[in-house]
Amino acid sequence: MSFINWSDIYSVGDPTLDGHHQKLFDIVNQLHDELLGHHREEAVANTIKALLDYSHYHFAEEERVMKAVGFPEYEGHKAVHEMIIRKLQDYEHNKAAGDRESTGELYTFLLSDWLWKHILEMDKKMAPYILGHSHKPGN
Ligand SMILES: [Fe+2]
Ligand SMILES: [Fe+2]
């Protein structure tokens, strides 16, 4: 069963960024399956690494779009991206050190801070700026 399902309420008005967010949901759902299914530590570690790598990539792209469309809350938004990366790195580190307690905290963080709150409350604020510009991500 999926941990979190994509729906249109998460749309930020840009198909490329929406695609990134969907990919992040896929990775988080994979991690959830692996943690629940007691997959090997190595598989879990690889998925955490994939989540970190893709988050890095997505944040850089999103920051590029924010700048291109003149989003006024760029600095504050970027700081939150950096906090998310630090939290994921902490989790990766703790998990590698054998800390099993950190898994519960990861779920809370992924759901409340990252996927849910960040996309719905922060990323969506970009939508009017994106829709008001002729900017095309990836060009
Ligand atoms: Fe963001
Ligand atoms: Fe985002």
Side-chain angles (χ1 to χ4, degrees):
M1 204 175 78
S2 293
F3 179 58
I4 186 165
N5 291 308
W6 169 265
S7 84
D8 284 347
I9 60 162
Y10 293 103
S11 177
V12 297
D14 179 282
T16 303
L17 294 179
D18 285 349
H20 289 181
H21 290 148
Q22 286 173 41
K23 167 85 176 165
L24 284 162
F25 279 41
D26 288 346
I27 300 171
V28 167
N29 282 329
Q30 185 186 335
L31 180 62
H32 172 70
D33 285 348
E34 289 171 356
L35 288 168
L36 268 193
H38 304 291
H39 283 226
R40 295 209 339 257
E41 295 289 319
E42 198 185 329
V44 173
N46 284 340
T47 307
I48 293 167
K49 188 174 182 323
L51 180 60
L52 251 170
D53 288 349
Y54 200 80
S55 296
H56 264 296
Y57 163 73
H58 166 62
F59 290 158
E61 284 298 296
E62 200 173 273
E63 287 159 16
R64 196 175 61 76
V65 171
M66 279 192 277
K67 272 198 157 169
V69 301
F71 183 61
E73 294 170 47
Y74 173 83
E75 292 298 335
H77 196 130
K78 189 172 188 288
V80 173
H81 286 168
E82 285 161 5
M83 181 275 290
I84 290 171
I85 292 289
R86 276 199 304 277
K87 282 211 183 183
L88 285 174
Q89 285 169 336
D90 282 352
Y91 177 72
E92 184 182 44
H93 180 82
N94 292 343
K95 186 95 180 134
D99 175 5
R100 293 179 189 280
E101 301 277 305
S102 56
T103 298
E105 288 167 31
L106 176 80
Y107 278 128
T108 310
F109 162 68
L110 286 174
L111 198 57
S112 70
D113 289 350
W114 180 189
L115 297 171
W116 177 256
K117 209 163 149 193
H118 185 73
I119 295 174
L120 281 183
E121 291 183 5
M122 295 197 79
D123 286 353
K124 275 184 82 83
K125 284 190 184 173
M126 294 185 294
Y129 296 89
I130 290 172
L131 295 170
H133 275 71
S134 56
H135 160 82
K136 296 274 183 294
N139 287 351

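Side chains included, hydrogens not; waters and symmetry mates left out as well; all remaining heavy atoms used. Each ligand, and each atom within it, is numbered from 1 in the order the structure gives.
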Practice task
Take His93 and Asp99 through the test side-chain hydrogen bond (donor to acceptor under 3.5 Å, both in side chains) and record every step on the way to the result.
Solution key: CA-CA 9 Å; His93 180 82; Asp99 175 5; over 6 Å; no

Exercise for the section: Look at Glu82 together with Arg86 and state whether they make a salt bridge at an N to O cut-off of under 4.0 Å. Expected result: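 A salt bridge is absent here (no side-chain N lies under 4.0 Å from a carboxylate O).
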
Exercise for the section: Say whether Leu31 and Leu36 are linked into one hydrophobic cluster, either directly or through other cluster members, by side-chain heavy-atom distances under 4.5 angstrom. Expected result: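 Different clusters: Leu31 never reaches Leu36 through Ile, Leu, Val, Met, Phe, Trp or Tyr contacts under 4.5 Å.
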
Practice task
Report the name of the N/O/S atom of His77 located nearest to the Fe ion (ligand 1).
Solution key: NE2

Handout entry: Which atom of Asp123 approaches the Fe ion (ligand 2) most closely (N/O/S)
Key =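 In Asp123, the heteroatom (N, O or S) nearest the Fe ion (ligand 2) is OD2.
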
Handout entry: Which atom of Glu62 approaches the Fe ion (ligand 2) most closely (N/O/S)
Key = OE1

Handout entry: N, O or S atom of His20 closer to the Fe ion (ligand 2) than 2.8 Å
Key =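 No, His20 does not qualify, because none of its backbone or side-chain N, O or S atoms lies under 2.8 Å.
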
Handout entry: Neighbour count >12 (heavy atoms, 6.0 Å) for atom NZ, Lys125
Key = no

Practice task
Return the orientation label for the Phe59 and His81 ring planes: parallel under 30°, perpendicular over 60°, tilted otherwise.
Solution key: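 Correct class here is parallel.
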
Problem - 2.8 Å cut-off met by an N, O or S atom of His58 to the Fe ion (ligand 1) - result: no

